[in-house]
Student: 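Sending over a structure as structure tokens; questions will come in a sec.
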Amino acid sequence: MEPSAEQSGKKASVVVWRLIFQTPKPEKLIQRVLQLATQPDDLVLDSFLGSGTTAAVAHKMGRRWIGIEMGEHAATHCLPRLEKVIAGEPGGISAAVNWQGGGGFRFLRLGAPIFGADGAIHPEVRFATLAAFIWQQETGSRAPHPGPGPCHAPASEPTT
């Protein structure tokens, strides 16, 4: 008996997915781990985002999440997958958790490193970026919006 077009399509997408990600995890497995280790609204960190399964499952289960990925597939694979989750894609654990879609996330790219391999300030780093970095390191908070002050005073004001 020949597989249906739908079955063939699913089989083909699984094969392609496994070529990219050697050990894709089933959503049901990740769901069980998150059920045991977290509560709704907990924060889940996935520092090797891979295909985005943990973030997708965490989102569907009402957990906040942070996913980190160095590879370009963060934009080519994870981003589209997580956009589908937000839109209410019906796969994985969606039916089991009555997932209808919703929520959102931010996709950020990191800029140039502050310091080079030799420890010197990276040549692409500008003063405002360096000042914000130092502020964050010293205070543990985001740098305030630039305004009047010794480093940002208008030319007509003294800086003493």
Side-chain angles (χ1 to χ4, degrees), residues 6 9-117 119-147 152:
E6 182 180 333
K10 284 182 182 177
K11 198 174 279 186
S13 66
V14 169
V15 170
V16 170
W17 199 250
R18 287 204 172 132
L19 290 175
I20 297 167
F21 302 103
Q22 296 301 315
T23 56
K25 314 301 181 284
E27 286 194 12
K28 189 76 175 159
L29 173 63
I30 302 301
Q31 177 190 23
R32 183 66 181 135
V33 170
L34 294 182
Q35 283 173 333
L36 293 170
T38 67
Q39 298 294 318
D41 207 38
D42 276 358
L43 183 60
V44 175
L45 172 64
D46 185 354
S47 56
F48 299 96
L49 191 59
S51 64
T53 301
T54 299
V57 172
H59 195 89
K60 291 175 184 181
M61 292 179 67
R63 276 59 169 173
R64 297 172 303 135
W65 52 270
I66 297 172
I68 302 168
E69 184 55 61
M70 291 177 54
E72 189 54 33
H73 64 272
T76 61
H77 293 78
C78 297
L79 180 59
R81 179 180 189 179
L82 295 169
E83 288 171 336
K84 289 176 186 174
V85 168
I86 300 301
E89 65 88 16
I93 65 163
S94 294
V97 298
N98 194 28
W99 178 247
Q100 303 296 313
F105 62 91
R106 290 185 207 147
F107 183 85
L108 306 171
R109 291 181 185 264
L110 298 179
I114 297 291
F115 299 102
I121 297 172
H122 195 280
E124 293 180 22
V125 174
R126 299 292 168 241
F127 176 79
T129 303
L130 182 59
F133 173 78
I134 292 170
W135 178 275
Q136 192 277 329
Q137 293 298 304
E138 293 295 321
T139 67
S141 64
R142 191 174 189 179
H145 181 71
H152 303 287

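Keep in mind that what you see is a predicted model, and the values were worked out from it rather than measured.
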Student: Can you confirm whether more than 12 heavy atoms, excluding those of Q35, are under 6.0 Å from its CD atom?
Tutor: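 Counting other residues, nucleotides and ligands, CD of Q35 exceeds 12 neighbours.
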
Student: Could you check if a side-chain atom of M61 sits within less than 4.5 angstrom of a side-chain atom of I93, using non-hydrogen atoms only?
Tutor: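 Side-chain contact under 4.5 Å: yes.
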
Student: Any donor-acceptor pair under 3.5 Å linking the side-chain atoms of Q100 with those of N98?
Tutor: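 Indeed, the side chains of N98 and Q100 share at least one donor-acceptor pair under 3.5 Å.
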
Student: Report yes if the side chains of R63 and P40 come closer than 4.5 Å at any heavy-atom pair, otherwise no.
Tutor: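 Yes. Closest side-chain heavy atoms under 4.5 Å.
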
Student: Show, in sequence, the C-alpha distance, side-chain angles and deciding distance for R81 and E27, and conclude whether the salt bridge (charged side-chain N to carboxylate O under 4.0 Å, His left out) test is met.
Tutor: CA-CA 13 Å; R81 179 180 189 179; E27 286 194 12; 3.2 Å; yes

Student: Using modelled atom types and a 3.5 Å cut-off, is there a donor and acceptor pairing between side-chain atoms of S47 and backbone atoms of I68?
Tutor: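 Absent.
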
Student: State the CG-NE2 distance between L82 and H77, to the nearest 0.5 angstrom.
Tutor: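 L82 atom CG to H77 atom NE2 measures 12.5 Å (nearest 0.5 Å).
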
Student: If I take atom CD1 from residue I134 and atom CZ from residue F127, how far apart are they, to the nearest 0.5 angstrom?
Tutor: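 With rounding to 0.5 Å, CD1 (I134) is 7.5 Å from CZ (F127).
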
Student: For the residue pair W99 and H59, does the interplanar ring angle fall in the parallel (under 30°), tilted (30 to 60°) or perpendicular (over 60°) class?
Tutor: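 Ring orientation, 0 to 90° scale: perpendicular.
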
Student: Compare all side-chain heavy atoms of L79 with those of F105 and state whether any distance is below 4.5 angstrom.
Tutor: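 Yes, their side chains come closer than 4.5 Å.
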
Student: What are the two closest non-hydrogen atoms of C78 and G50, and how far apart are they?
Tutor: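 Shortest heavy-atom separation between C78 and G50 comes out as SG-O, 3.0 Å.
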
Student: Checking side chain to side chain contact (heavy atoms under 4.5 Å, CB included) between L34 and each of D42, V57, L29, which is the one that passes?
Tutor: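 By the side chain to side chain contact (heavy atoms under 4.5 Å, CB included) criterion, L34 pairs with just one of D42, V57, L29: V57.
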
Student: Of all the heavy-atom pairs spanning L49 and G67, show the shortest one and how long it is.
Tutor: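 Minimum heavy-atom separation between L49 and G67: CD1-CA, 3.8 Å.
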
Student: Hey, what do you get for CG (L130) to CD1 (I114), rounding to the nearest 0.5 Å?
Tutor: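 So the gap between those two atoms works out to 6.0 Å.
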
Student: Identify the two heavy atoms, one from P80 and one from T76, that lie closest to each other, and give their separation to 0.1 Å.
Tutor: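 Distance-wise, the nearest heavy atoms are CG-O, 3.5 Å.
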
Student: How many angstroms lie between atom CZ of F115 and atom NE2 of H122, to the nearest 0.5 angstrom?
Tutor: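 Those atoms lie 12.0 Å apart.
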
Student: Mark yes or no for whether R126, through its side chain, and P123, through its backbone, hold a donor-acceptor pair below 3.5 Å.
Tutor: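 Looks like yes, one N/O pair under 3.5 Å.
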
Student: Rounded to the nearest 0.5 Å, how far does CD1 of I30 lie from CG of D46?
Tutor: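 The CD1 atom of I30 is 8.0 Å from CG of D46, to the nearest 0.5 Å.
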
Student: To the nearest 0.5 Å, tell me how far W65 CH2 sits from L45 CG.
Tutor: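 It is 11.5 Å, given to the nearest 0.5 Å.
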
